[in-house]
Amino acid sequence: MDLLDESGEIRATAFNEQVDKFMDMIEVDKVYFISGCTLKTANKQYSNLNNDYEMTFNKMTEVTPCHEASDIPTMQFNFVPLDQLESLEKDTILDIIGVCKEAMDVASITSKASGKELRKRDVQVVDDTNREVRLTLWGRQAENFDGTQQPVLAVKGAKLSDFNGRSLSLLSSSTLQINPDIREAHKLKGWFDNGGNTAETVNLSNQRGGGSAGMGSNFKTFGEAKLENLGSGDQADYYTTKASVVLIRKENCLYSACPSDGCNKKVVDMNNGLYRCEKCNREYDSFNWRLMLSANLADISDNQWVTVFQDQAEMLLGTTSSELGFMRENSPDKFQNIFTDAAFKNFSFKLRVKMETYNDESRLKTTVVACSPLEPKEYNRRLISEIKQMAGQS
DNA sequence: CCCCCCCC
C-alpha cells in the first residue's frame, strides 16, 4: 500500500498473517494510525514514491482507523511531462497526466509467460508538450474504460516500456484517476479544449524509420524495403506492410506432412497405404495436409514474391489445409474458387527478409511471419501521422 | 519475505 500524509508519501508492505489480519480493514482513501512497522531502504526499481524508505508490517504492527477530521491529501503525483519519456530508461516507474485523445477497442491476448487470456485496451494519451504516447490498460480497468469524452488521465506508477519507441503500461500497483479534480488536470483540459486537441503532436509510440524502433512498427512499402536493401545483412530484417494479394500459385501449395505432433516434415508415400517420415524415422498410416504457398503481393510501390506457411496461408485463403486438400481431390471447382477469392484482398503483413544461398546462387527470400486483416483505425492513424510528418518536414 | 505485472 502507498501511504500519504501532509508531509509526504511512503510505501508499506504486509505479508501473510499481516495480510489476513488487516486487508479487510484497510481501504483506499481512508485514514489510519499505523505503528510498529519495520523501516527499510526502498528499492527504487519498483517504486517512484518520493521516499528513500519503505515500511514492512510485522507482528508488532498495529493499524487503527482514524475517524477524526484530517486534511490529508488523497493522492500525490510526481508527473513527468511526456516529452521526457524518450530520455528515461525502460522499466522506469513514473506518474503521468494527459488527455485521452483516443481509445482503442478492448482486445484479447494470451500471455506468453502464463498462457493466461488477458484483456487489454490501448489508449493514446497527449499532453501540452505536444507528445503523445500509448498507454495500456489491463483487465477490468480495460473493459470498463470509456474514452469517448476524451477524459484527462492521471496515472501514478505506470511502467515505461521501450516497445515501438516509448509506451506505457499500467501495473497492478498503478493508480489510474479519470478526470481528477486537481490543478494539473484542469490546466491540461483547458489546453486540450483550446487548440491542444488539434495541435500537431509527436507520437512517442509506433515510431517510423530510424532503424531503432521495434520491428512491429517498422512500416515500409516494398519499394522502400528494396531501396534500403533489407535482408542483405547477416541477420534477417523484418518489416510490416499493407499489401494486396495479386496471385497465389496453386501448384505445390499443399504437401503431405508427418502427422506426429510438431514434426510437419514432408512424408514419402510408400504406395502401400503407409507414409514415411525421414525425420521421425518411421511410417504412419495417415498424413496431414499442410500449406506452403508462393504468393505475389503488391502495394503502390512494387510487388514481391513471398512464401506463406500453414497458419498465415489458412488466413489468406480463408480455409484450412485439410479442407483444401479435400477440395483438391474431390471438388476442383471449389479448390479453384478459393484461390480466385483470395486475390486482391488487402492484409497487413509482417515480413521477414533474408539472403539465402542454394546451388551457389544467393537470393533474397521474403517470408510472411504474420498476416492479419487490415485494422482500418490503426491504418488510418498511421496514414494521418505520415501526412503530418510530410507536411511538417517539407 | 515482494519486486510477476502480461501482448505487439
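Keep in mind that the numbers below use all heavy atoms, side chains included, and drop hydrogens, waters and symmetry copies. A, B, ... follow the sequence lines: proteins, then strands. Residue 1 opens every chain.
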A.B. asks: Taking atom C1' of B:dC7 as reference, at what distance in whole Å does atom NZ of A:Lys350 sit?
C.D. replies: 11 Å
A.B. asks: What is the distance, rounded to the nearest whole Å, between atom CG of A:Asp91 and atom C1' of B:dC3?
C.D. replies: 12 Å
A.B. asks: Walk me through whether A:Ser108 and A:Arg119 qualify under side-chain contact (heavy atoms from CB on, under 4.5 Å).
C.D. replies: CA-CA 5 Å; A:Ser108 258; A:Arg119 306 279 282 166; 2.9 Å; yes
A.B. asks: Counting only distance, no hydrogens or angles, is the base of B:dC7 paired donor-acceptor with the side chain of A:Ser111 under 3.5 Å?
C.D. replies: no
A.B. asks: By the ring pair (Phe, Tyr, Trp, His ring centres under 6.0 Å) test, which pairs, at least two apart or in different chains, include something from residues 15-53 of chain A?
C.D. replies: A:Phe22-A:Phe57
A.B. asks: Just how far, in rounded Å, is P of B:dC8 from OH of A:Tyr379?
C.D. replies: 24 Å
A.B. asks: Identify whether any heavy atom of A:Thr110 sits under 4.0 Å from a base atom; if not, whether one sits that close to sugar-phosphate; answer base, sugar-phosphate or nothing.
C.D. replies: sugar-phosphate
A.B. asks: Could you please spell out the steps behind the side-chain contact (heavy atoms from CB on, under 4.5 Å) verdict for A:Leu351 and A:Phe222?
C.D. replies: CA-CA 10 Å; A:Leu351 301 166; A:Phe222 291 134; 3.6 Å; yes
A.B. asks: Heavy atoms from C-beta onward define the side chain here; which of B:dC7, B:dC1, B:dC2 lies closest to that of A:Thr13?
C.D. replies: B:dC2
A.B. asks: Would you classify A:Glu117 as touching base, sugar-phosphate or nothing, given that sugar-phosphate means primed atoms plus P, OP1 and OP2, and contacts are heavy atoms under 4.0 Å?
C.D. replies: nothing
A.B. asks: Taking only N and O in the side chain of A:Ser169, is any of them less than 4.0 Å away from OP1 or OP2 of B:dC6?
C.D. replies: yes
A.B. asks: Tell me which nucleotide among B:dC1, B:dC4, B:dC2 gets nearest to the side chain of A:Asn16.
C.D. replies: B:dC1
A.B. asks: Examine B:dC5: is either OP1 or OP2 under 4.0 Å from a nitrogen or oxygen in the side chain of A:Lys120? Give yes or no.
C.D. replies: no
A.B. asks: Rounded to the Å, how far apart are A:Glu17 CD and B:dC2 P?
C.D. replies: 14 Å
A.B. asks: Hey, does A:Lys116 reach any base, or is it just sugar-phosphate, or nothing, if we go heavy atoms under 4.0 Å?
C.D. replies: nothing
A.B. asks: Exactly one of A:Asp5, A:Leu4, A:Asp2 should register a side chain to side chain contact (heavy atoms under 4.5 Å, CB included) with A:Gln76. Which one does?
C.D. replies: A:Leu4
A.B. asks: How many Å lie between CD1 on A:Ile93 and C1' on B:dC2, as a whole number?
C.D. replies: 14 Å
A.B. asks: Expressed in angstrom and rounded to an integer, what is the separation of A:Ile109 atom CD1 from B:dC5 atom P?
C.D. replies: 13 Å
A.B. asks: Please work out which of the three classes, parallel, tilted or perpendicular, describes the rings of A:Trp289 and A:Phe287, given edges at 30° and 60°.
C.D. replies: perpendicular
A.B. asks: Need to verify one output field. Residue with the more 5' nearest nucleotide on DNA chain B, A:Leu171 or A:Ser167?
C.D. replies: A:Leu171
A.B. asks: Is A:Arg134 touching bases, backbone alone, or none of the nucleic acid, heavy atoms closer than 4.0 Å?
C.D. replies: base
A.B. asks: Going by distance alone, is a donor N or O of one side chain under 3.5 Å from an acceptor N or O of the other, for A:Thr56 and A:Thr13?
C.D. replies: no
A.B. asks: Rounded to whole Å, please give me the gap between CG in A:Leu170 and P in B:dC7.
C.D. replies: 15 Å
A.B. asks: State, with a plain yes or no, whether a side-chain heavy atom of A:Ile10 is found less than 4.5 Å away from one of A:Met55.
C.D. replies: yes
A.B. asks: Is there a side-chain contact between A:Leu94 and A:Leu168, using heavy atoms and a 4.5 Å cut-off?
C.D. replies: yes
A.B. asks: Near DNA chain B, which residues from residues 38-48 of chain A have a heavy atom under 4.0 Å away?
C.D. replies: A:Lys40, A:Tyr46
A.B. asks: Rounded off to whole Å, could you give me the CG-to-P distance for the A:Asp122 and B:dC8 pair?
C.D. replies: 12 Å
